[in-house]
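One structure is given here, and the rest of the page talks about it.
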Amino acid sequence: MTNPNHPYHLVEKSPWPFTASVGAVLTTVGLVNMFSSKVTSLLGVGLLAVLLSSAQWWRDICREATFQGLHSLSVTLGLRLGMLLFILSEVLFFFSFFWAFFHSSLAPTMELGAIWPPTSVYPFNPFQTPLLNTAILLASGVTVTWAHHAATENLHLQVLHGLAWTVALGLYFTLLQAMEYQEAPFSLADSVYGSSFFVATGFHGVHVIVGTSFLALCLLRALQAHFSSQHHVGLEAAIWYWHFVDVVWLFLYVSIYWWGS
């Protein structure tokens with residue numbers, strides 16, 4: 001076992017998958033509890049458990065990859081394929097939201113007034129905050145590509161600059177999205193338009209927060225010189241995920257904000 005005759009990494013026993021799963025369950029139950037009784041204590045415990053478990057889990061993976069040299073070529077290939085399959089599953093996840101939106105909007109029922117948007121629902125102007133958010137995400141796609149190219153060329157300082165700009169743009173997008181939700185002239189309860197709008201854009205917002213966290217972790221690793229031209233699989237995975245978030249937003253903007261309004 002100390003000298004395996006294969007190039008794969010057999011991971012050690014770890015408590016973090018279990019604790020993260022418990023935290024995810026507590027978060028889900030806490031959300032339901034918050035919606036029903038306005039109590040947020042259970043939600044806070046669940047989010048804290050997920051964050052702490054994720055931090056410890058990521059720490060172990062970074063240690064295995066950077067300091068122990070356990071991520072061989074075969075392991076990194078498996079990591080890349082796993083990330084691609086995960087992004088494919090996310091594509092199908094958002095496909096269901098677009099299906100629901102177009103199913104309702106292309107043939108609106110009599111209960112909706114036989115028009116789209118439904119009667120008494122006033123959608124956002126697509127050329128105000130939504131257009132600014134689109135520009136922000138497109139700019140973040142440029143900066144994260146800059147960081148990726150710099151990593152392949154061993155340009156350490158440019159990697160830091162590109163990732164820092166991308167994280168800042170992701171935080172700015174999230175802030176504008178939160179402000180947009182506060183000023184929304186309709187709510188989740190306003191017919192199928194409100195539910196499809198907030199579910200689709202809300203889940204995208206969650207993915208932006210996850211992607212920003214992913215890139216912030218890569219920024220911390222870059223500050224510690226974990227990446228090189230031959231060793232940056234974690235950075236590549238974060239960049240692929242961020243490009244996926246960018247593309248989903250373009251479809252959201254064109255279909256829900258512009259065409260749907």
Report yes or no: do [X] and [Y] belong to one cluster of Ile/Leu/Val/Met/Phe/Trp/Tyr joined by side chain heavy-atom distances under 4.5 Å?
{"X": "Val142", "Y": "Val208", "answer": "no"}
{"X": "Val45", "Y": "Val29", "answer": "yes"}
{"X": "Leu217", "Y": "Ile239", "answer": "no"}
{"X": "Met34", "Y": "Leu48", "answer": "no"}
{"X": "Trp58", "Y": "Val75", "answer": "no"}

*Determine, step by step, whether Leu160 and His156 satisfy the side-chain contact (heavy atoms from CB on, under 4.5 Å) criterion, reporting the C-alpha distance in whole Å, the side-chain angles of both residues, the deciding distance to 0.1 Å, and the verdict.*
CA-CA 7 Å; Leu160 296 178; His156 182 68; 3.9 Å; yes

Polar side-chain atom of [X] near backbone of [Y] as donor-acceptor pair, under 3.5 Å:
{"X": "Ser228", "Y": "His231", "answer": "yes"}
{"X": "Thr152", "Y": "His149", "answer": "yes"}
{"X": "Tyr181", "Y": "Gly202", "answer": "yes"}
{"X": "Tyr253", "Y": "Asn133", "answer": "no"}
{"X": "Asp246", "Y": "Leu138", "answer": "no"}

I want to check something: taking the side chain as every heavy atom from C-beta on, are [X] and [Y] in contact at a cut-off of under 4.5 Å?
{"X": "His71", "Y": "Thr66", "value": "no"}
{"X": "Thr129", "Y": "Met179", "value": "no"}
{"X": "Trp16", "Y": "Ser54", "value": "no"}
{"X": "Leu250", "Y": "Val254", "value": "no"}
{"X": "Leu81", "Y": "Phe86", "value": "no"}
{"X": "Trp259", "Y": "Ser105", "value": "yes"}
{"X": "Phe197", "Y": "Asp190", "value": "no"}
{"X": "Leu215", "Y": "Val144", "value": "yes"}

Roughly how far apart are [X] [atom1] and [Y] [atom2], rounded to 0.5 Å?
{"X": "Phe173", "Y": "Leu137", "atom1": "CZ", "atom2": "CG", "value": "4.5 Å"}
{"X": "Ser196", "Y": "Phe102", "atom1": "OG", "atom2": "CZ", "value": "10.5 Å"}
{"X": "Leu163", "Y": "Trp146", "atom1": "CG", "atom2": "CH2", "value": "9.5 Å"}
{"X": "Leu79", "Y": "Ser74", "atom1": "CG", "atom2": "OG", "value": "11.0 Å"}
{"X": "Phe35", "Y": "Leu43", "atom1": "CZ", "atom2": "CG", "value": "8.5 Å"}
{"X": "Thr143", "Y": "Gln158", "atom1": "OG1", "atom2": "CD", "value": "13.0 Å"}

*Please lay out, stage by stage, how Val91 and Val247 fare under the test side-chain contact (heavy atoms from CB on, under 4.5 Å).*
CA-CA 10 Å; Val91 170; Val247 172; over 6 Å; no

Report yes if the distance between the aromatic ring centroids of [X] and [Y] is under 6.0 Å, otherwise no.
{"X": "His204", "Y": "Phe251", "result": "no"}
{"X": "Tyr257", "Y": "Trp249", "result": "yes"}
{"X": "Phe93", "Y": "Phe98", "result": "no"}

For residues [X] and [Y], report the shortest heavy-atom separation together with the two atoms involved.
{"X": "His232", "Y": "Phe227", "result": "CA-CD2, 3.8 Å"}
{"X": "Ser191", "Y": "Pro118", "result": "OG-CG, 3.6 Å"}
{"X": "Gly141", "Y": "His243", "result": "O-CE1, 3.8 Å"}
{"X": "Gly260", "Y": "Pro117", "result": "O-CG, 3.4 Å"}
{"X": "Ala222", "Y": "Val159", "result": "CB-CG1, 4.1 Å"}
{"X": "Ala237", "Y": "Met83", "result": "O-CE, 3.5 Å"}

*From CA spacing to verdict: ring-ring contact (aromatic ring centres under 6.0 Å, His included), Tyr193, Phe198*: CA-CA 9 Å; Tyr193 183 91; Phe198 281 106; 9.0 Å; no

_Students often mix this up, so state it plainly: with edges at 30° and 60°, are the rings of Phe203 and Phe97 parallel, tilted or perpendicular?_
parallel

Should the heavy atoms of other residues, nucleotides or ligands under 6.0 Å from [atom1] of [X] be counted, would the total exceed 12?
{"X": "Trp165", "atom1": "CH2", "answer": "no"}
{"X": "Leu73", "atom1": "CG", "answer": "no"}
{"X": "Gln68", "atom1": "CD", "answer": "yes"}
{"X": "Phe94", "atom1": "CZ", "answer": "yes"}
{"X": "Trp258", "atom1": "CH2", "answer": "no"}

_Pair Leu88-Leu84, side-chain contact (heavy atoms from CB on, under 4.5 Å): steps then yes or no_ = CA-CA 6 Å; Leu88 177 61; Leu84 289 174; over 6 Å; no

*Side-chain donor-acceptor contact under 3.5 Å, Trp242 with Ser140*: yes

_Donor-acceptor pair between Arg221 and Gln224 side chains, under 3.5 angstrom_ = no

_Evaluation steps, side-chain contact (heavy atoms from CB on, under 4.5 Å), between Thr27 and Val50_ = CA-CA 8 Å; Thr27 300; Val50 171; 4.0 Å; yes

